[in-house]
Amino acid sequence: MRVGHAETGWLEDRGKLFSSKCLKFFAVAWSSRMRSCRSIVLRTAIVFRKLARWCLYLVVGGWAGGAWLGVAVAGNSQLATARPEGADVILFVNGKIVSMDDESSIAEAMAIAGERILAVGTAQAVEEAVAKAGGATRRVDLKGQMVLPGLIDTHVHPPGAAVFEFDHPVPQMDSIEDVLAYVRQRASVLPAGQWIRIQQVFITRLRERRYPTREELDAAAPHHPVVFRTGPDAVLNSLALQLCGITRDFEIRDGLPGKIERDPVTGEPTGVLRNCSRFIKYQSPEKSPSFEDRVEALRALLAAYNQVGITSIVDRGVGEASIQLYQTLKDRGQLTCRVFLTYYVNAQGRWEDIEKGVRFAREHPLRQYNPWLWLRGIKFFLDGGMLTGSAYMKEPWGVSPIYSIDDPEYRGVLFVEPEPLARLVRFILENDLQPTAHCVGDGAVEALVAAYVRAAEAVPLREKRPCLSHANFMTPEAIALMAQYGIVADMQPVWLYLDGRTLLDHFGPQRLRYFQPYRTLFDHKVIVAGGSDHMQKIGRRRSNNSYDPFLGMWTAICRLPRDLSDPLHPEESITRMEAIRLYTINGAYLTFEEHMKGSLEPGKLADFIVLDRDILTCPVNEIKDTEVLETWIGGQCVYRFGDSSL
């Protein structure tokens with residue numbers, strides 16, 4: 001039986017202690033009378049460190065039946081000396097295998113046995129290891145192609161994205177006219193009085209960079225209620241406002257955050273609602289997918305992830321229905337991505353309901369570790385969004401025609417105040433679950449970090465790995481505390497590419513100094529991983545948001561927003577190897593699985609991909625167009641370019 005990190009944290013701590021003591025011993029020897037043997041000492045120290053790590057893996061990985069008998073290390077080669085009984089051995093040679101181990105080693109050969117990696121290193125060393133293990137069942141010539149660990153997207157919403165177009169195809173919308181054309185088209189096929197909804201077409205990505213107005217939506221569909229929804233915010237036309245009872249005299253009286261934007265002269269609602277979706281009485285006219293429809297759509301989406309090299313995902317915000325979908329695919333043997341689940345709780349709800357949600361996750365059978373499907377986290381919302389003008393900022397947003405903001409003191413929306421926030425994260429941590437929150441603005445980031453730091457008085461925070469989701473606007477103070485307390489983050493580089501131009505025009509360069517500051521985070525040794533926040537459609541570039549990890553890597557390296565010629569704070573760029581780390585070993589660390597996946601090392605799961613180009617040496621602008629030739633998960637090929645049989 002395999003066990004999760006939370007149950008074996010003491011093993012990892014002792015493994016690290018053993019490793020550090022070995023290095024300390026040799027450091028002392030270095031500084032005394034052994035200066036003439038420096039190279040020997042260093043190599044021996046590395047050997048001891050690798051031995052410590054792999055001895056730890058032997059215990060934590062729980063390898064079945066004691067089939068993996070030991071580990072030998074020779075130079076840069078990492079060799080397991082036995083294989084699981086009856087497992088096929090596949091030998092991969094003549095490749096550029098980027099291991100993403102501690103030394104970022106690059107090997108030329110790799111062998112896998114069953115679902116695990118048997119050996120990685122030079123061709124000769126791996127051949128010898130395979131021979132000792134009984135010989136190869138199959139030999140694959142990589143023909144010089146690059147191999148990476150399977151990629152990990154640490155922020156997706158697959159169940160909803162998979163069925164977003166179940167009723168009808170939704171076109172790409174790049175302008176207000178595109179939006180209005182879609183509204184007119186829907187009005188032509190729907191009976192009068194039925195709702196028309198546009199979801200997650202972000203104003204930062206429209207050519208005009210503004211919301212459609214109430215009047216424009218009225219003209220496009222005078223006899224249909226229309227809602228243009230982006231994140232927690234929305235624009236309604238006149239009929240929709242009328243049906244929802246949002247008039248000139250309407251007031252928010254439920255004690256929850258929110259704002260109705262009004263014309264400063266007439267006092268009439270402009271149609272813009274901030275964090276007021278609870279007042280929208282939308283009724284869907286679209287056909288609903290059955291359970292089997294949803295299962296099949298989810299299976300197809302996971303296969304699409306495989307096509308861009310994704311082998312593991314983190315679903316940031318599941319309910320019971322989504323859990324059932326994943327469980328069904330797992331039971332049928334149809335999961336082609338490993339899935340880490342975070343259960344959603346409404347942090348603005350009653351405390352009794354929050355407790356119930358946390359305990360549901362803690363007591364769920366999937367809380368026990370399984371490398372395919374693991375429920376381990378809790379997600380809630382702390383602020384609004386930068387794409388909608390509601391992220392909670394330290395300083396006012398400023399009056400903005402882009403975001404329809406007319407209040408010079410407006411700072412965005414914070415959903416949970418400091419005291420209940422501190423109580424919430426402590427409760428989650430005490431129940432041995434990983435908390436994360438949607439936090440976009442620097443005010444929200446600092447509030448969540450402060451709540452985590454307060455929880456450190458009661459729980460060992462670093463080993464719990466509390467997380468920030470998005471964390472686009474950061475501060476040096478927040479980053480320093482993250483480094484000190486072991487707080488991690490899942491971030492979305494592609495947002496810089498898609499939204500950087502609009503954000504720069506609104507905020508100016510100074511307020512964007514710590515926008516997605518990857519260089520600073522890496523330099524402070526804060527573990528941050530890459531994700532997409534994919535929520536709509538299937539397709540590496542037509543999806544919203546794009547789940548293409550190579551576009552994400554390119555963005556983190558170049559920091560060049562779409563439609564701009566100059567990078568946004570290039571001092572925050574990271575190297576190509578670090579960009580790969582964002583989507584591999586760092587993602588595994590976020591989900592407590594760095595001892596199981598995220599790098600190509602003996603004993604780890606055989607999750608890897610083969611690329612059509614060398615992204616460490618190709619022209620930098622070609623990185624974003626990388627194609628995946630093969631995707632392997634657990635020693636099985638689940639995708640091969642041009643092969644429809646998989």
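Please read all numbers here as calculations on a predicted model, not as lab measurements.
- The pair R542-E165 counts as a salt bridge, with a side-chain nitrogen and a carboxylate oxygen less than 4.0 angstrom apart.
- Between K624 and D548 no salt bridge is recorded (no basic side-chain N to carboxylate O distance below 4.0 Å).
- Under the 30°/60° scheme for interplanar angles, the aromatic rings of F228 and Y211 are found to stand perpendicular.
- Comment: R207 does not engage E177 in a salt bridge, judged by the lack of any side-chain N to carboxylate O separation of less than 4.0 angstrom.
- The six-membered or imidazole ring of H506 lies near that of Y403, with a centre-to-centre distance under 6.0 Å.
- The backbone N or O of N275 lies less than 3.5 Å from a partner atom in the side chain of D233, making a donor-acceptor pair.
- Salt-bridge annotation for E216 and R210: present, with a side-chain N of the basic residue lying under 4.0 Å from a carboxylate O of the acidic one.
- Geometrically, R465 engages Y589 in a cation-pi contact, judged by NZ or CZ lying under 6.0 Å from the ring centre and within 45° of the ring axis.
- Taking each heavy atom of H524 and I479 in turn, the nearest pair found is CG-CG2, 3.9 Å.
- Between the N544 side chain and the Q536 main chain, no donor and acceptor come within less than 3.5 Å of each other.
- Formation of a donor-acceptor pair under 3.5 Å by the D153 side chain with backbone atoms of S532 is found in this model.
- Between the side chain of R559 and the backbone N or O of Q516, at least one donor-acceptor pair lies under 3.5 Å.
- Aromatic rings of W495 and F202 (six-membered ring for Trp) have centroids beyond the 6.0 Å cut-off, not under it.
- Between I487 and L481, the shortest heavy-atom distance links the atoms CD1-O, 4.3 Å.
- Donor-acceptor pairing under 3.5 Å is lacking for the side chains of H534 and N545.
- Scanning both residues, L382 and A444, for their nearest heavy atoms gives CD2-O, 3.4 Å.
- Atom CD of E395 is surrounded by 12 or fewer heavy atoms from other residues, nucleotides or ligands within 6.0 Å.
- The backbone N or O of G385 lies less than 3.5 Å from a partner atom in the side chain of T388, making a donor-acceptor pair.
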Exercise for the section: Mind running ring pair (Phe, Tyr, Trp, His ring centres under 6.0 Å) on F473 and F515 for me, showing each step along the way? Expected result: CA-CA 5 Å; F473 292 85; F515 179 81; 5.2 Å; yes

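- In this model, no donor atom of one side chain and acceptor atom of the other lie less than 3.5 Å apart for D607 and W632.
- For the pair K394 and Y392, the cation-pi test (distance below 6.0 Å, angle within 45°) is failed.
- Proximity of a side-chain donor or acceptor of R316 to a complementary backbone N or O of T154 within less than 3.5 Å is detected.
- Under a 4.0 Å N-O distance rule, the pair R581/E578 does not qualify as a salt bridge.
- The existence of a salt bridge linking R513 and E572 is confirmed by a sub-4.0 Å separation between a basic side-chain nitrogen and an acidic carboxylate oxygen.
- For the pair C337 and Y305, the tightest heavy-atom approach, listed with the atom from each and the gap, is SG-CB, 4.0 Å.
- For the pair T342 (side chain) and G317 (backbone), a donor-acceptor distance under 3.5 Å is present.
- A cation-pi geometry, defined here as NZ or CZ lying under 6.0 Å from the six-membered ring centre and within 45° of its normal, does not hold between R540 and Y547.
- Of the possible donor and acceptor atoms, none in the side chain of K537 sits under 3.5 Å from a partner among the backbone N and O of S546.
- Taking the six-membered ring for Trp and the full ring otherwise, the centers of W397 and F507 sit less than 6.0 Å from each other.
- With 3.5 Å as the limit, one finds no donor-acceptor pair spanning the side chains of N306 and R640.
- Inspection of the D505 and T502 side chains reveals no N or O donor paired with an N or O acceptor under 3.5 Å.
- For Y583 and F550, the gap between ring centers reaches or exceeds 6.0 Å.
- Using a distance-only test at 3.5 Å, with no hydrogens or angles considered, a donor-acceptor pair links the side chain of T436 to the main chain of C467.
- Closest approach of G271 and L273 over heavy atoms only: O-CD1, 3.3 Å.
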